[in-house]
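As the structure is a computational prediction, the values presented were derived from the model and not from experiment. Just so it is clear, the values below take in all heavy atoms, side chains as well, and ignore hydrogens, waters and symmetry mates.
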Amino acid sequence: MDYTSTRDTKKRITSAEAITRGISSDGGLFVPTSVPTVSLQFIDDLKELGYQDRAKKILGLYLEDFDEDELSDYVDNAYGNGKFSSAAVAPVVNIHDNVNILELWHGPTCAFKDMALQLLPYLLKGSAKRTLKNKDIVILVATSGDTGKAALEGFKDVDGTKILVFYPNSGVSPMQQRQMQTQEGSNVGVCSVNGNFDDAQTGVKAIFTDEETKKVFDENNLVFSSANSINWGRLVPQIVYYFSAYCDLLNKDQISLGEKINIVVPTGNFGNILAANYAVRMGLPVNKLICASNSNNVLTDFINTGVYDRNRKFYSTISPSMDILISSNLERLIFTLYGGDDEEVRKLYSSLKETGKFAVSDEVHKAVADRFYGGFCSDDETMATIKETYDKFGYLADTHTSVAIKVLNDYVKKTGDDTPVVIASTASPFKFCTSVMTALNGHAGSDDFENLSELEKLTGIKAPTQLSSLKDKPIRFNINCGNDIDSMRKVVFGMLKI
């Protein structure tokens with residue numbers, strides 16, 4: 001299977017090259033030139049397997065550069081060896097009637113990013129062997145909270161790699177910040193930027209495509225790659241868990257083979273829900289993909305109007321991983337809906353860069369609206385949903401999952417659609433314990449670790465050890481570099497000692 005750029009379809013590269021490069025030199029994102037389709041029999045056979053074997057079957061359809069034994073070894077190492085607290089890896093929990101929660105946060109950093117970032121280091125090292133000669137890989141990451149820690153944990157002390165993470169100062173939760181600042185490993189670096197996630201992401205993309213930086217890297221036998229969801233190696237593992245969730249519902253007799261489900265995804269960068277869309281294109285029976293946003297509702301407006309406009313107020317919310325106005329992975333969807341027309345993609349994203357907005361054609365907007373439903377909710381509504389979900393069903397949801405629950409409730413009220421539904425739960429509630437505690441109890445203290453302890457007492461649920469133990473870990477990284485590109489580049493060079 002070949003891969004091409006959303007902004008230059010003349011390019012044809014292998015999956016290993018796409019994973020190694022991360023982003024195309026033209027600024028576009030790599031996409032497969034075709035999407036494999038599967039039968040209902042394939043899904044029926046898949047349901048008899050555990051998560052790891054399901055992953056091997058799905059990934060093998062996209063990553064043809066890797067032989068079966070090699071890919072099997074990568075998957076077993078990523079999801080085995082006790083790295084995930086659930087034997088199911090990504091368990092599905094029924095909370096009431098036909099509403100199910102797909103828990104994606106049982107990995108080492110308690111966030112859904114582990115589902116891809118425990119596998120990506122293996123894919124990247126295997127890809128580098130095929131595509132690079134005597135060069136070390138520098139992983140550059142912009143994070144709105146969870147990606148940073150998951151990438152740091154996945155790549156720590158991996159030979160031939162260095163990883164540098166930029167996060168928005170005051171734009172992540174205290175627990176997320178503490179996770180990154182205390183990160184262990186000899187090849188890691190962390191720096192905060194002033195501004196929001198979009199500022200960090202814009203800076204990282206600019207460094208990636210900067211010719212002077214590339215020249216310095218060449219002189220030092222270094223090459224950039226990415227662990228953000230702009231990297232195909234990040235996105236493709238996420239397709240797996242939507243198939244896995246469907247299989248789990250089959251095994252629980254909650255649906256019959258071929259019956260359609262709805263999928264709800266809280267998202268800001270559009271990667272997680274885009275993976276669900278790839279699953280649908282492959283043949284997963286889905287009625288509607290429900291895109292849930294917080295007050296930064298640029299995706300909701302795009303789905304409803306066909307206009308993507310980031311010229312709006314930015315909100316720092318209690319669901320910070322979704323505090324994004326530039327949804328990078330939307331470009332892959334736009335490319336697909338325009339039939340692979342790279343000229344149209346270039347025009348639209350040139351307009352986004354110059355004016356901060358673009359509008360798709362009526363035909364493309366109709367295709368978006370047919371597949372997706374967009375909704376959003378405020379912080380107050382998120383807090384109310386946390387309490388309501390716990391009081392009614394005994395389920396403790398984090399601030400992002402609660403956004404998804406609220407948007408689902410609104411969708412059902414509006415449409416009357418009672419299709420069985422899977423909600424992607426993206427983080428442990430203990431990562432956002434101050435907000436969750438406030439929602440349940442009406443108040444919380446100022447210290448995250450005290451609130452974590454109080455939340456344990458209030459609910460009788462034990463917090464993940466990897467969060468509760470952070471309190472005693474020494475802070476290693478406490479650097480800030482403003483938010484201009486030159487300052488970020490200097491930090492990169494400084495951390496790399498070049």
Side-chain angles (χ1 to χ4, degrees), residues 5-9 27-29 31 35 197-198 201-202 205 229-230 235 260 262-281 286-315 322-378 403-404 406-408 410-415 417 419 424:
S5 168
T6 53
R7 301 189 192 183
D8 184 2
T9 54
L29 306 184
V31 292
V35 173
F197 169 76
D198 293 329
Q201 181 170 247
T202 299
K205 283 186 175 180
S229 57
I230 57 175
L235 192 64
K260 290 188 175 183
N262 288 335
I263 297 174
V264 190
V265 186
T267 185
N269 216 15
F270 205 72
N272 202 3
I273 198 166
L274 182 69
N277 189 56
Y278 271 105
V280 177
R281 292 174 65 192
V286 171
N287 172 48
K288 207 76 171 179
L289 296 177
I290 300 171
C291 181
S293 303
N294 59 23
S295 295
N296 295 295
N297 59 345
V298 64
L299 286 170
T300 303
D301 288 348
F302 171 71
I303 291 168
N304 292 335
T305 68
V307 177
Y308 190 91
D309 187 353
R310 63 178 174 83
N311 301 308
R312 62 183 66 209
K313 182 178 178 181
F314 177 87
Y315 294 94
M322 299 158 63
D323 291 349
I324 296 171
L325 294 179
I326 304 175
S327 307
S328 289
N329 266 292
L330 184 64
E331 182 169 338
R332 284 183 165 116
L333 178 68
I334 297 294
F335 176 82
T336 298
L337 296 181
Y338 271 99
D341 189 336
D342 56 357
E343 184 178 356
E344 282 296 330
V345 174
R346 288 195 302 272
K347 286 179 182 177
L348 291 173
Y349 279 85
S350 176
S351 175
L352 182 65
K353 183 177 180 180
E354 293 169 7
T355 69
K357 64 180 180 179
F358 64 72
V360 298
S361 67
D362 290 344
E363 181 182 3
V364 167
H365 177 228
K366 182 180 184 304
V368 171
D370 286 347
R371 174 65 53 82
F372 297 88
Y373 170 89
F376 74 100
C377 73
S378 67
V403 167
K406 175 64 169 67
V407 170
L408 172 65
D410 291 345
Y411 169 78
V412 172
K413 287 177 185 176
K414 180 178 180 179
T415 65
D417 185 0
T419 299

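The salt bridge (Lys or Arg N to Asp or Glu O under 4.0 Å) test applied to R281 returns no partner, not counting sequence neighbours. Residues forming a side chain to side chain contact (heavy atoms under 4.5 Å, CB included) with V280 (at least two apart in sequence, or on another chain): V286, L289, R371. For T267, the side chain to side chain contact (heavy atoms under 4.5 Å, CB included) partners two or more places apart in sequence, or in a different chain, are V265, I273, C291, L299. For T305, the side chain to side chain contact (heavy atoms under 4.5 Å, CB included) criterion is met by V307, not counting sequence neighbours. The salt bridge (Lys or Arg N to Asp or Glu O under 4.0 Å) search around K260 returns none, not counting sequence neighbours. Taking T9 as the reference, D342 meet the side-chain hydrogen bond (donor to acceptor under 3.5 Å, both in side chains) condition, with sequence neighbours excluded. For D323, the side-chain hydrogen bond (donor to acceptor under 3.5 Å, both in side chains) partners are N294, N296, T317, not counting sequence neighbours. Annotation: side chain to side chain contact (heavy atoms under 4.5 Å, CB included) contacts of D410 (sequence neighbours excluded): K406. Partners of E331 according to the salt bridge (Lys or Arg N to Asp or Glu O under 4.0 Å) rule, which considers only residues two or more places apart in sequence or in another chain, are R7. The salt bridge (Lys or Arg N to Asp or Glu O under 4.0 Å) search around E363 returns none, not counting sequence neighbours.
With hydrogens and angles disregarded, a donor-acceptor distance shorter than 3.5 Å links the side chain of Y338 to the backbone of S361. Within the 3.5 Å criterion, the main-chain N or O of S293 finds no donor-acceptor partner in the side chain of N297. Judged purely by atom type and a 3.5 angstrom limit, S351 has no side-chain atom pairing as donor or acceptor with the backbone of K347.
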Kindly determine whether L274 and L235 satisfy side chain to side chain contact (heavy atoms under 4.5 Å, CB included), including the steps that lead there.
-> CA-CA 8 Å; L274 182 69; L235 192 64; 3.7 Å; yes

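Heavy-atom contacts from other residues, nucleotides or ligands closer than 6.0 Å to CG of N311 number more than 12.
Sorted by first and then second residue, the salt bridge (Lys or Arg N to Asp or Glu O under 4.0 Å) pairs with a member in residues 287-297 form an empty list; sequence neighbours excluded. For the salt bridge (Lys or Arg N to Asp or Glu O under 4.0 Å) condition, the pairs that include at least one residue of residues 306-315, sequence neighbours left out, are D301-R312.
No side-chain heavy atom of L348 sits less than 4.5 Å from a side-chain heavy atom of V345. Looking only at side-chain heavy atoms (C-beta outward), T336 and V31 stay at 4.5 Å or farther from each other. In this structure, L330 and Y349 have side chains that are in contact, with non-hydrogen atoms separated by less than 4.5 Å. Side-chain contact between T202 and I326: present, with at least one pair of heavy atoms (C-beta onward) separated by less than 4.5 Å.
Ring geometry, Y308 versus F358: the interplanar angle falls under 30°, so the pair is classed parallel (tilted spans 30 to 60°).
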